[in-house]
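Below, all heavy atoms of this structure are taken into account, side chains as well, without hydrogens, waters or symmetry copies. Just so we're clear, the structure is a prediction, and the values are computed from it rather than from any experiment. By convention in this document, chain letters (A, B, ...) are assigned in the order of the sequence lines, proteins followed by strands, and residues within each chain are numbered from 1.
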Number of protein chains: 2
Amino acid sequence: MKHDIFQAIADPTRRAILALIAFQALTPNAMAEKFDMSRQAVSKHIKVLHQCELIKPEQSGREIYYHFNAKKMQEFDDWVAQFRQKWEIQFNQLDELLANIKDKK
Amino acid sequence: MKHDIFQAIADPTRRAILALIAFQALTPNAMAEKFDMSRQAVSKHIKVLHQCELIKPEQSGREIYYHFNAKKMQEFDDWVAQFRQKWEIQFNQLDELLANIKDKK
DNA sequence: AAATTATGCAACCTTAAGGTTGCAAATATA
DNA sequence: TATATTTGCAACCTTAAGGTTGCATAATTT
């Protein structure tokens, strides 16, 4: 039942949470106010994000501020990286194609 | 029931398929041979990837070669971009912290 | 000390995800 | 033409995802 980052970012609400707290750390209650669902539903999403370490808690009295964990997000970037070369190639091929069409004129 | 790219890559099998065909276009049968599941199960994954346009079909007789669609994959890059600045900041803060520790010695 | 507030956990419900098997349609081969 | 091959679609099953409500716990405020 351990979630990975790919599952975590699959949900639009969780992506919204990440976008929010990347800007500034927030408590679960503060986050819940931003969404049209129950606090507990948001709390579940927080749990998933926390389990895969995309966010990190910072206790402050009875409040918990969740921070964005950029380091973990970078793992996603690393995954995308393996395809980056491919699209550069495909775009170069497109350039060549366009160049050929141009030459034929 | 329209899938988005984030849902699409949430499944490890689908990520494996993408990694495979980024290297070279393959038919569903050829893909299915690489996985320990039924052809139909793989076919379902192909359907999801196709629906969100991460892959593109090329008919050749009765065979269909699915190609990697680099352009769509780039949408991930766009999404991660909003966090890239954040982790640069967080890493700079880490550098400062380490520098401070060093100074105290 | 009592009441309020912030959070997390558990039970429950509904729907979708991911797998299976069987069958139909279209193309290729004997 | 008959047969084999490639693929997609539909029905079904099991489990997990995402939501709800209610309650327990710990910290703050009155």
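B/Lys56 NZ: 12 or fewer foreign heavy atoms inside a 6.0 Å radius. Other residues, nucleotides and ligands place more than 12 heavy atoms under 6.0 Å from the CG atom of A/Asp78. When the shell of 6.0 Å around CD of B/Gln85 is examined, it contains 12 or fewer heavy atoms from other residues, nucleotides or ligands.
The CD atom of B/Glu33 sits 14 Å away from the C1' atom of D/dT7 (whole-angstrom rounding). For A/Glu58 and C/dA6, the CD to P distance is 17 Å, given to the nearest whole Å. Distance, A/Glu63 CD to D/dT28 P: 9 Å, rounded to whole Å. We find that NE2 of A/His3 is positioned 10 Å from P of D/dA16, with the value rounded to whole Å. Atoms CZ (B/Phe6) and C1' (C/dA16) sit 20 Å apart, rounded to a whole Å. Atom pair A/Ile9:CD1 and D/dA17:P shows a separation of 16 Å (rounding to whole Å applied). Rounded to a whole Å, the CG atom of B/Leu49 is 16 Å from the C1' atom of D/dT7. Between the P atom of C/dA16 and the NZ atom of B/Lys47 lies a distance of 14 Å, rounded to the nearest Å.
Positionally, the nearest nucleotide of DNA chain D for B/Ala30 lies more toward the 5' end than for the other of A/Asp36 and B/Ala30. Mapping A/Gln59 and A/Ser38 onto DNA chain D by nearest heavy atom places A/Ser38 at the nucleotide closer to the 5' end.
Using the six-membered ring where Trp is involved, B/Phe83 and B/Trp79 have ring planes that are perpendicular, over 60° apart on the 30 and 60° scheme.
In this structure, CD on B/Glu53 lies 14.0 Å from NE2 on B/His3, to the nearest 0.5 angstrom.
In the set D/dT7, D/dG18, C/dT21, the nucleotide with an atom closest to the side chain of B/Gln40 is C/dT21. Checked against D/dG18, D/dT20, C/dT7, the side chain of A/Ile64 finds its nearest nucleotide in C/dT7. In the set D/dG18, D/dT20, C/dG19, the nucleotide with an atom closest to the side chain of A/Met37 is D/dT20.
Residue B/Ile46 is tested with B/Val42, B/Val48, B/Leu49 for a side chain to side chain contact (heavy atoms under 4.5 Å, CB included); the sole match is B/Val42.
Residue-level contact check: A/Gln7 touches the backbone only, with heavy atoms under 4.0 Å from sugar-phosphate atoms and none from bases. Heavy atoms of A/Phe35 sit nowhere under 4.0 angstrom from any nucleic acid atom. The residue B/Tyr66 sits close only to the backbone: its heavy atoms come under 4.0 Å of sugar-phosphate atoms, none of a base.
For D/dG18, the OP1/OP2 oxygens have a side-chain nitrogen or oxygen of A/Arg14 closer than 4.0 Å. Contact between the side-chain N/O atoms of A/His45 and the OP1/OP2 oxygens of D/dG19 is found at a separation under 4.0 Å. Look at B/Asn29 and you won't find any side-chain N or O under 4.0 angstrom from OP1 or OP2 of D/dT5. For D/dG8, the OP1/OP2 oxygens have a side-chain nitrogen or oxygen of B/Ser43 closer than 4.0 Å.
Side chain A/Arg62 to base C/dT5: a donor-acceptor pair is found below 3.5 Å. One can find a donor-acceptor pair under 3.5 Å joining the base of D/dG19 and the side-chain atoms of A/Lys44.
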